Protein chains: 2
Amino acid sequence: MERQERNVQFNRALIELRSLVLDGTFEAGCRLKEAALAERLNLSRTPLRQAMDRLATEGLLKQNPTGGYLVARFTIDDIIDAIELRGVLEGTAARLAAERGMEPAKRERMATVLDELDEAVEADELDFSAYVRLNAEFHELLAGLAGSSIVAREVKRANKLPAASPTAFLQGQELIPDFVRSLTQAQSQHRAIFEAICEREGARAESLAREHARLARTNFEYVMNQKPSLVERVPGLSLVAGQ
Amino acid sequence: MERQERNVQFNRALIELRSLVLDGTFEAGCRLKEAALAERLNLSRTPLRQAMDRLATEGLLKQNPTGGYLVARFTIDDIIDAIELRGVLEGTAARLAAERGMEPAKRERMATVLDELDEAVEADELDFSAYVRLNAEFHELLAGLAGSSIVAREVKRANKLPAASPTAFLQGQELIPDFVRSLTQAQSQHRAIFEAICEREGARAESLAREHARLARTNFEYVMNQKPSLVERVPGLSLVAGQ
DNA sequence: TAGTGCTAAATTGTATACAAAACTGTGTCA
DNA sequence: TGACACAGTTTTGTATACAATTTAGCACTA
């Protein structure tokens, strides 16, 4: 018999509330009323409250000076900074992996993921869902590649800022054609990053990872300036002011 | 009449528990019992629990898979990584400040702090408490110098990892003579970082800030290898395994 | 003696209760 | 009409209650 997971209600509150906020269910800046939310999510205020505090440390909510929590409001520059930070932290993970070396198991897994990404991209018809899954695994692996749990933790944290995650612009169930052309470029950057790490070229690995995050920035600016209609398709973008 | 602060008990729990853990009151890895702790801190389990969850996200506590929270255990490499990360993030703050320019008010305040730091260091007798205060302000200002609240937040977060903060090795009420000689060097690094930012030399500012964090690593390794007796004087070091 | 299963105590996770503070709307006064 | 004050309502922050799970102790067995 498997052990019942701990903190069931808290985890449910965390996951469901995060989705609700990222999906733009609430207007940016609005106050979240505990009682109503608790009823909506079918749990009591205690675990909900814990989840709200957690989401506040993630930056998705804000503490209201007169009590309670507000949905955070982001400026365009906030998102740009969040993406920049993700690039910096992934760059650090890549550099440290190059400087310190990788565990063979992780190195091999990374090589496999890259081969499978090639297949997904080079196939006659792009295998989008495979790409999304493998891209997420690439970034997950990269975070832990230096063998440092502290670095891995902070990289993952940086991914929680809205629109900063490597998968942010791939989320929609359907494929957004405007982003497809960037996938081949992204994949050759994946390869270059890994190559630099293998060759112990720390500085190069760091720069490449930073530049790779710039793709997200390009996508972000494209949405904001050219295709505001896509805003609702990218989780979190509805919280960005001044569209 | 000033408004009563919100979340009084929660904030008290957070601050007092953080001190207790950093002071080494509990053994690394031991379980924190909510009822006992709540009684000790004179508050109920609800705000204490919130504080424990917060400290877990800071990395000071760990969730126990079978329930409750444990005091985190750190390896020497964890501390080294935490310091590295702080350097990386302060480096990013410095680089962005150089690239984007500073608000004049912040720039002037920084110049004043640096002058006062010079006075504290160059006086016939080192003014240690002034140095500690001003050093903290320098790093606080640096975090916000790029005008990005997101960057500032993450820099401050990185300071919460044990022994990673710029003040970690200056904490003791009394002066630890072994660290005094590093203060002049630290201050000339402060000056160089600021100069690079003023000159819009982003890459130089970033490298210098990273190198500046290395002083903390030097201090850390000195304590661990040469003077283990100092471990109890630096907050958080009692949680490091294998002394 | 080491290992296993059972029972009682302790501890956690969640729900609820309650008091204090913040909001809302209405009426009063200038 | 507009600013302000006040009462009623809502909402939060904290304490406490309770059930479910975990831990600890102990007898029993091989």
Side-chain angles (χ1 to χ4, degrees), chain A residues 1-21 25-73, chain B residues 1-21 25-73:
Chain A
M1 183 160 69
E2 73 191 86
R3 198 165 45 67
Q4 157 78 348
E5 197 195 346
R6 304 291 309 204
N7 292 341
V8 204
Q9 306 299 62
F10 166 69
N11 280 305
R12 206 157 59 78
L14 188 60
I15 291 169
E16 296 190 8
L17 183 52
R18 194 190 284 124
S19 294
L20 285 177
V21 174
T25 313
F26 312 104
E27 230 172 315
C30 83
R31 186 170 181 167
L32 293 179
K33 298 192 183 159
E34 299 182 1
L37 247 184
E39 195 178 15
R40 175 168 185 168
L41 300 180
N42 233 36
L43 32 76
S44 81
R45 284 177 53 218
T46 310
L48 172 60
R49 194 150 234 288
Q50 292 170 193
M52 294 201 300
D53 189 71
R54 178 72 70 87
L55 291 178
T57 73
E58 284 183 15
L60 223 51
L61 302 181
K62 240 187 86 185
Q63 264 186 298
N64 186 359
T66 64
Y69 294 87
L70 312 175
V71 175
R73 219 184 256 293
Chain B
M1 183 160 69
E2 73 191 88
R3 198 166 44 69
Q4 159 76 352
E5 196 197 345
R6 305 287 313 203
N7 292 341
V8 205
Q9 305 299 62
F10 166 68
N11 280 304
R12 207 159 58 78
L14 187 59
I15 291 169
E16 296 189 9
L17 183 53
R18 195 191 281 123
S19 295
L20 285 176
V21 173
T25 312
F26 312 103
E27 230 172 314
C30 84
R31 186 170 182 167
L32 292 179
K33 298 193 182 157
E34 297 181 2
L37 246 182
E39 194 179 17
R40 176 169 184 168
L41 300 180
N42 233 36
L43 33 76
S44 81
R45 284 176 54 214
T46 309
L48 171 61
R49 193 150 235 290
Q50 292 171 191
M52 294 201 300
D53 188 71
R54 178 72 69 91
L55 290 178
T57 74
E58 285 183 14
L60 223 50
L61 300 182
K62 241 187 84 183
Q63 264 186 298
N64 185 359
T66 63
Y69 294 88
L70 311 175
V71 175
R73 222 183 256 292

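Lettering of chains follows the sequences in order, A, B, ..., and the numbering in each one begins at 1. Small disclaimer: the values here were computed from a predicted structure and weren't measured.
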Any N/O pairs under 3.5 Å between the protein and nucleotides 14-18 of chain D? List them or say none.
residue	atom	partner	partner atom	Å
D:dT14	OP1	B:Val8	N	3.0
D:dT14	OP1	B:Gln9	N	2.7
D:dA15	OP1	B:Gln9	NE2	3.3
D:dA15	OP2	B:Ser44	N	2.7
D:dA15	OP2	B:Ser44	OG	2.6
D:dA15	O5'	B:Ser44	OG	3.4
D:dA15	N7	B:Thr46	OG1	2.8
D:dT16	O4	B:Thr46	OG1	3.2

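If you take CD of A:Glu34 and C1' of C:dC23, they are 15 Å apart, rounded to a whole angstrom. The CD-C1' distance, from A:Gln63 to C:dA22, rounds to 16 Å in whole Å. The interatomic distance linking A:Glu5 (CD) with D:dT21 (C1') rounds to 14 Å, in whole Å. Going from atom CZ of B:Arg31 over to atom C1' of C:dT12 covers 7 Å, rounded to whole Å.
Every side-chain contact (heavy atoms from CB on, under 4.5 Å) that A:Ala56 has, sequence neighbours left out, goes to A:Leu61, A:Tyr69. Listed by chain and residue number, A:Arg18, A:Lys160 satisfy the salt bridge (charged side-chain N to carboxylate O under 4.0 Å, His left out) test with A:Glu58 (two or more places apart in sequence, or in another chain). Remark: B:Arg31 engages no residue in a salt bridge (charged side-chain N to carboxylate O under 4.0 Å, His left out) (not counting sequence neighbours).
Among all heavy-atom pairs drawn from B:Glu5 and B:Asn11, the shortest one is OE2-ND2, 3.6 Å. Here the closest heavy-atom approach between residue B:Gly59 and residue B:Ala72 is recorded as O-CB, 3.5 Å. The heavy-atom pair separating B:Leu48 from B:Ala13 by the smallest distance is CA-CB, 4.1 Å.
Using a 4.0 Å cut-off, some side-chain N or O of B:Thr66 falls inside it from OP1 or OP2 of D:dT23.
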Please set out all donor-acceptor pairs under 3.5 angstrom arising from side-chain atoms of residues 38-46 of chain B, sequence neighbours excluded.
residue	atom	partner	partner atom	Å
B:Ser44	OG	B:Thr46	N	3.4
B:Arg45	NE	B:Glu34	OE1	2.8
B:Arg45	NH2	B:Glu34	OE1	2.8

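At a threshold of 4.0 angstrom between heavy atoms, the contacts of B:Leu37 with the nucleic acid are absent. The residue A:Leu48 sits apart from the nucleic acid: no heavy atom pair falls under 4.0 Å.
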- Item | Summary of protein contacts for nucleotides 4-10 of chain C, nucleotide by nucleotide, where a base hit scores B, a sugar-phosphate-only hit scores S (4.0 Å, heavy atoms) | -------
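Separating the CD atom in B:Gln50 from the CZ atom in A:Arg54 is a distance of 12.5 Å, to the nearest 0.5 Å.
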